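Beneath this line is the structure, given in structure tokens, with notes to follow.
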Amino acid sequence: MSSKYFVCFTIFILFIFASIFYSGRTIDYRSKFLLFTSLPPSNATPCSSSATQPRRRPLNVYMYDLGMKYNVGMLKGPHYDGPPVTIETLPEFPHYTGLRRQHTVEYWMLASLLYPENGTKQQEAVRVLNPDSADVFFVPFFSSLSYDTYHNQGNETESKFDDQLQAEIVDFLQKSKYWKRSAGRDHVIPMQHPNAFKHYRDKVNAAIFVVADFGRPSPSVSNLRKDVVAPYGHVVETFEADNFSDPYDSRTTLLFFRGKTKRKAEGKDRKQLEKILSGQKDVVFEANGVTEGGVNASTKGMRSSKFCLDPAGDTPSSCRLFDAIVSHCVPVIVSDKIELPYEDEIDYNKFSIFFSREEAKKEGYILDQLKSISKTKWLEMWRYLKNITHHFEYQYPPKNGDAVSMLWRQVKHKLPAVKLAVHRNRRLKVPDWWR
């Protein structure tokens with residue numbers, strides 16, 4: 001019996017050698033045996049190697065030619081009009097504070113398309129002059145500035161002028177063959193102020209809106225599926241000199257808040273937070289005294305605090321979050337319905353603390369949780385903040401990775417769904433039959 005086994009073994013060995021040297025080729029004999037099929041070749045390289053990555057194609061953006069009364073004319077004075085803005089006639093953005101500085105995304109998106117070097121470098125979006133080559137169409141209507149300039153002044157005549165501008169934009173778009181071609185789905189309209197384009201949003205609600213959050217409009221008008229969430233323009237200056245040898249101990253205040261508590265909607269919770277946090281050790285809670293010391297007081301307070309409280313305002317989000325980010329003060333976010341900019345690319349859990357509205361109402365709960373965060377953990381969050389601050393900067397000239405660059409990339413992320421909807425609607429006889 002043993003000789004029989006010996007013969008079988010000899011034949012097996014001869015078979016292996018024959019396979020190796022057959023036709024003068026070297027064969028990976030591991031593939032012949034199931035045992036080796038799970039072992040990768042030792043020289044395998046990841047498929048995402050930068051050497052094999054194609055150059056990213058920028059988003060092609062066609063910008064409609066609109067008279068200045070719809071955009072930068074508002075920076076020159078109410079009812080100012082003129083021919084479509086060019087790089088030569090683009091005014092510098094004024095050094096506004098308050099609401100006008102917070103809702104400025106429309107200006108920076110327009111400016112990025114007018115930038116003389118637009119298209120000469122690797123950028124997220126480039127302006128094209130041929131609409132047939134465009135991926136998306138940008139509507140340069142400053143709807144937020146229009147609301148602040150006309151509607152928000154308490155003057156009925158001026159409010160009607162804001163409504164008139166909205167109506168004219170809707171009429172212009174609905175007559176455009178490019179709007180008709182996609183029902184507006186591939187159009188981008190900034191509406192960062194929660195009341196911007198207030199009376200006519202539902203007339204253009206197929207478009208991609210650039211918004212601060214979804215606190216005011218109904219989900220059928222504005223939602224995360226089609227729209228882009230933009231950061232507020234921060235009011236405090238960016239902390240450029242935050243290079244202390246011990247940043248943790250140099251920030252002597254544990255938790256800082258400075259703002260209004262007499263608010264409507266979700267903002268009513270601020271009054272409860274004031275009751276719980278005011279007077280606590282290592283906490284600065286300054287309510288309704290924001291005019292005293294102005295922005296300078298807020299800047300100093302944020303830069304000297306480890307954590308900055310960001311409760312919901314009149315809507316789920318507020319500018320305070322972005323002031324905290326550029327101050328490198330770890331945000332403490334109290335909002336159940338907040339949506340955040342570029343959250344498919346940035347993990348806010350790495351540099352922010354989140355509490356629900358119910359958790360925030362528990363006596364001592366927020367402070368106990370913050371005190372339990374170690375110095376090591378806080379420093380990790382602080383370093384992360386410093387590394388991502390540039391993504392929240394609106395600026396001109398634009399830079400790769402800044403707020404506008406990130407927003408154009410977010411618009412690009414919406415395109416597959418836009419194309420799907422456009423292609424389907426062109427051939428369907430019964431729209432959305434499956435609903």
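Just so you know, residue 1 is the first one in the sequence shown, and it goes up from there. Just so we're clear, the structure is a prediction, and the values are computed from it rather than from any experiment.
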Give every residue pair that meets the salt bridge (Lys or Arg N to Asp or Glu O under 4.0 Å) criterion with at least one member in [range], sequence neighbours excluded.
{"range": "residues 58-68", "result": "Asp65-Arg127"}
{"range": "residues 141-150", "result": "none"}
{"range": "residues 102-118", "result": "Glu117-Lys121"}
{"range": "residues 159-177", "result": "Lys69-Glu168, Glu156-Lys160, Asp171-Lys175"}

Donor-acceptor contact present, side-chain [X] to main-chain [Y], <3.5 Å:
{"X": "Gln192", "Y": "Val105", "result": "yes"}
{"X": "Ser176", "Y": "Tyr178", "result": "yes"}
{"X": "Asp213", "Y": "Ser317", "result": "yes"}

From [atom1] ([X]) to [atom2] ([Y]), nearest 0.5 Å:
{"X": "Ile353", "Y": "Asp310", "atom1": "CD1", "atom2": "CG", "value": "13.0 Å"}
{"X": "Gln410", "Y": "Leu59", "atom1": "CD", "atom2": "CG", "value": "12.0 Å"}
{"X": "Leu75", "Y": "Tyr80", "atom1": "CG", "atom2": "OH", "value": "11.5 Å"}
{"X": "Leu379", "Y": "Leu385", "atom1": "CG", "atom2": "CG", "value": "11.5 Å"}
{"X": "Ser133", "Y": "Tyr62", "atom1": "OG", "atom2": "OH", "value": "10.0 Å"}

Q) Asp227 and Ser222: side-chain hydrogen bond (donor to acceptor under 3.5 Å, both in side chains), yes or no, with the steps? A) CA-CA 7 Å; Asp227 296 334; Ser222 185; 2.7 Å; yes

Q: Show your reasoning for whether side chain to side chain contact (heavy atoms under 4.5 Å, CB included) applies to Tyr248 and Trp382.
A: CA-CA 9 Å; Tyr248 183 84; Trp382 173 79; over 6 Å; no

With a 6.0 Å cut-off (strictly less than), is the heavy-atom count around [atom1] of [X], excluding the residue itself, greater than 12?
{"X": "Lys300", "atom1": "NZ", "result": "no"}
{"X": "Lys362", "atom1": "NZ", "result": "yes"}
{"X": "Lys76", "atom1": "NZ", "result": "yes"}
{"X": "Lys226", "atom1": "NZ", "result": "yes"}

Side chain to side chain donor-acceptor pair (under 3.5 Å) with [X]: which residues, sequence neighbours excluded?
{"X": "Lys375", "result": "Asp246"}
{"X": "Thr157", "result": "none"}
{"X": "His79", "result": "Glu158"}
{"X": "Glu240", "result": "none"}

Q. Checking salt bridge (Lys or Arg N to Asp or Glu O under 4.0 Å) against Asp135, which of Arg185, Lys412, Arg57 comes through?
A.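 Running salt bridge (Lys or Arg N to Asp or Glu O under 4.0 Å) over Arg185, Lys412, Arg57 with Asp135 returns exactly one hit, Arg57.
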
Q: Give the intermediate values and the outcome of side-chain hydrogen bond (donor to acceptor under 3.5 Å, both in side chains) for residues Glu237 and Thr299.
A: CA-CA 7 Å; Glu237 295 297 323; Thr299 301; over 6 Å; no

Q: Sequence neighbours left out, what passes side-chain contact (heavy atoms from CB on, under 4.5 Å) with Thr376? Give chain and number order.
A: Ser374, Glu380

Q. Can you name the residues that form a side-chain contact (heavy atoms from CB on, under 4.5 Å) with Asn387, not counting sequence neighbours?
A.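 With sequence neighbours excluded, Asn387 shows a side-chain contact (heavy atoms from CB on, under 4.5 Å) to no residue whatsoever.
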
**Q.** side chain to side chain contact (heavy atoms under 4.5 Å, CB included) between Val283 and Leu367, intermediate numbers included
**A.** CA-CA 9 Å; Val283 174; Leu367 292 182; 3.6 Å; yes

Q: Kindly state each residue pair satisfying side chain to side chain donor-acceptor pair (under 3.5 Å) with at least one member in residues 420-429, sequence neighbours excluded.
A: none

Ring centroids only, cut at 6.0 angstrom: are [X] and [Y] within range, meaning strictly under it?
{"X": "Phe392", "Y": "Tyr342", "value": "yes"}
{"X": "Tyr394", "Y": "Tyr107", "value": "no"}
{"X": "Trp408", "Y": "Phe138", "value": "yes"}
{"X": "Trp108", "Y": "Phe93", "value": "yes"}

Close side-chain approach of [X] to [Y], heavy-atom, < 4.5 Å:
{"X": "Gln166", "Y": "Phe141", "value": "yes"}
{"X": "Phe257", "Y": "Val284", "value": "no"}
{"X": "Phe197", "Y": "Tyr147", "value": "no"}
{"X": "Arg216", "Y": "Thr315", "value": "yes"}
{"X": "Ile208", "Y": "Val228", "value": "yes"}
{"X": "Leu255", "Y": "Val332", "value": "yes"}
{"X": "Arg251", "Y": "Ser304", "value": "no"}
{"X": "Thr389", "Y": "Phe239", "value": "no"}

Q: Could you label the plane-to-plane angle of the His199 and His151 rings as parallel, tilted or perpendicular, counting under 30° as parallel and over 60° as perpendicular?
A: tilted

Q: Name the orientation class of the two ring planes belonging to Tyr232 and His103 (parallel below 30°, tilted from 30 to 60°, perpendicular beyond 60°).
A: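 Answer is tilted, since the angle falls between 30° and 60°.
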
Q: Would you check, one step at a time, whether the test side chain to side chain contact (heavy atoms under 4.5 Å, CB included) holds for Asn118 with Ser112?
A: CA-CA 7 Å; Asn118 181 275; Ser112 73; 5.6 Å; no

Q. When you look at Phe172 and Tyr64, which way does the ring-ring contact (aromatic ring centres under 6.0 Å, His included) test go after all the steps?
A. CA-CA 10 Å; Phe172 170 83; Tyr64 283 109; 5.3 Å; yes

Q: I would like to know whether Lys399 and His390 meet side chain to side chain contact (heavy atoms under 4.5 Å, CB included); could you show each step before the answer?
A: CA-CA 9 Å; Lys399 296 180 181 179; His390 64 289; over 6 Å; no

Q.
Could you work out, with salt bridge (Lys or Arg N to Asp or Glu O under 4.0 Å) as the rule, every residue matching Arg409, not counting sequence neighbours?
A.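 Residues passing salt bridge (Lys or Arg N to Asp or Glu O under 4.0 Å) with Arg409: Glu124, Glu345.
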
Q: Please report the C-alpha distance between Asp323 and His234 in whole Å, then the side-chain angles of each, then the deciding distance to 0.1 Å, and finally whether the side-chain hydrogen bond (donor to acceptor under 3.5 Å, both in side chains) criterion is met.
A: CA-CA 5 Å; Asp323 287 345; His234 56 84; 4.9 Å; no

Q: Go through the steps to decide whether Tyr70 and Ser146 satisfy the test side-chain hydrogen bond (donor to acceptor under 3.5 Å, both in side chains), and finish with yes or no.
A: CA-CA 8 Å; Tyr70 298 106; Ser146 179; over 6 Å; no

